[in-house]
Amino acid sequence: MHGFTDVDRQPDPDSWVDVLDRLSEEPFYQAYQQRVRQLLEPAPGRRYVDVGAGTGASAARLKGQHSVSVVTVDHALTMAAAMQARGLTHSTVADAHHLPFLADSFDGAWADRTLQHLAHPDAAIKELIRVVRRGGRVVLADPDYDTQVLDIADQGLARRVLRFRADVLLRNGTLAHQHGGLLAAHGLADVTVEPRTLVVRNPTAVDNVLGLRSWAATAARRGALDPAEARAFEEQFDEAVVARRFTYAVTFFLTAATVT
């Protein structure tokens, strides 16, 4: 289970707040999240909900940039406390599958890097649609780990480690390219899908490339990879860094639609 699946049960829950804080400073994350907020088509005086809000950084920016009301939702008490400490007083601890709001309560809703962690993402999408008024916007954003590439010497080994990330470390690591189809299936209109590719050349950036160097060791501990292969992965990772060939990439999909 990925740490963000259940932050409160982690050995050091506050460290996951730190992870989000570090990522929020990355130019790639700032840029795609700005686009997510634009896709909501926010207007002053309207009301929005951020489901899986984490520290609430994006919600705070929406509120400050557009003079709107924002309600934040997260499953973790740790994240709710972080949001409260940062002045987001309209924060709720709740399950994304069962939002505690009346139908048609908001002018827009978004879920950023949330569906990848949920047990039943389609149920959460139904809830997002339910709480948004007709004509309002629903926006989804997630990386799709089917799109990963990594430049190390043994490409077969790289693919096995990346598949472990996609298929085991995340509940729905390869769902993002299907978000448009899911929204269309629920009758939403004006569905758009935009790709944003994260490319990392510096292995210390993007929170150490989301912990990439450790994925092989985790796979070995879980019996998905031989320990010798895990060591080989780490050695080739380091060799790629020294040779300045290191490249990792994954594509995020930003999906938006209008409730009818």
### Message
Using modelled atom types and a 3.5 Å cut-off, is there a donor and acceptor pairing between side-chain atoms of Gln10 and backbone atoms of Asp6?
### Response
yes

### Query
Any donor-acceptor pair under 3.5 Å linking the side chain of Asp154 with the backbone of Gly156?
yes

Once rounded to the nearest 0.5 Å, what's the spacing between atom [atom1] of [X] and atom [atom2] of [Y]?
{"X": "His179", "Y": "Asn172", "atom1": "NE2", "atom2": "CG", "answer": "7.5 Å"}
{"X": "Gln236", "Y": "Phe246", "atom1": "CD", "atom2": "CZ", "answer": "13.0 Å"}
{"X": "Leu115", "Y": "Gln178", "atom1": "CG", "atom2": "CD", "answer": "11.5 Å"}
{"X": "Leu188", "Y": "Ile125", "atom1": "CG", "atom2": "CD1", "answer": "9.5 Å"}
{"X": "Asp151", "Y": "Gln155", "atom1": "CG", "atom2": "CD", "answer": "6.0 Å"}
{"X": "Phe28", "Y": "Phe252", "atom1": "CZ", "atom2": "CZ", "answer": "4.5 Å"}

#### Entry: Salt bridge flag under 4.0 Å for residues Glu239 and Arg245
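No, this pair does not count.
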
### Query
Is Asp142 salt-bridged to Arg113, going by a charged N under 4.0 Å from an acidic O?
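No.
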
What side-chain donor-acceptor pairs closer than 3.5 Å can you find for residues 253-260, not counting sequence neighbours?
from: Thr258; atom 1: OG1; to: Arg137; atom 2: NH1; distance (Å): 3.0
from: Thr258; atom 1: OG1; to: Asp190; atom 2: OD2; distance (Å): 3.4
from: Thr260; atom 1: OG1; to: Gly187; atom 2: O; distance (Å): 3.0

### Query
If you draw the axis of the six-membered ring of Tyr145, does the NZ or CZ of Arg165 fall within 45° of it and under 6.0 Å from the ring centre?
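Satisfied, under 6.0 Å and within 45°.
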
Would you tabulate the side-chain donor-acceptor contacts of residues 44-58 under 3.5 Å, counting partners in other chains and residues two or more places apart, or write 'none'?
from: Arg47; atom 1: NH1; to: Ser105; atom 2: O; distance (Å): 3.0
from: Tyr48; atom 1: OH; to: Ala43; atom 2: N; distance (Å): 3.2
from: Ser58; atom 1: OG; to: Arg37; atom 2: NH1; distance (Å): 2.8

### Task
Would you please classify the geometry between the His117 ring and the Phe4 ring as parallel, tilted or perpendicular, with 30° and 60° separating the classes?
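Ring orientation of Phe4 relative to His117: tilted.
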
Atom pairs and distances, donor-acceptor, side-chain atoms in residues 92-104, under 3.5 Å, two or more places apart:
from: Asp95; atom 1: OD1; to: His97; atom 2: N; distance (Å): 2.9
from: Asp95; atom 1: OD1; to: His97; atom 2: ND1; distance (Å): 2.6
from: His97; atom 1: NE2; to: His120; atom 2: N; distance (Å): 3.1
from: His97; atom 1: NE2; to: His120; atom 2: O; distance (Å): 3.4

### Listed partners of Thr174 passing side-chain hydrogen bond (donor to acceptor under 3.5 Å, both in side chains), at least two apart
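For Thr174 there are no side-chain hydrogen bond (donor to acceptor under 3.5 Å, both in side chains) partners, ignoring immediate neighbours.
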
### Task
Please name all residues satisfying side-chain hydrogen bond (donor to acceptor under 3.5 Å, both in side chains) with Asp122, sequence neighbours left out, ordered by chain then number.
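Listed in chain order: His186.
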
### Query
Residues in side chain to side chain contact (heavy atoms under 4.5 Å, CB included) with Thr78, at least two apart?
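Partners of Thr78 by the side chain to side chain contact (heavy atoms under 4.5 Å, CB included) criterion, ordered by chain and then number, come out as Val7, Asp8, Pro13, Asp14, Val17.
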
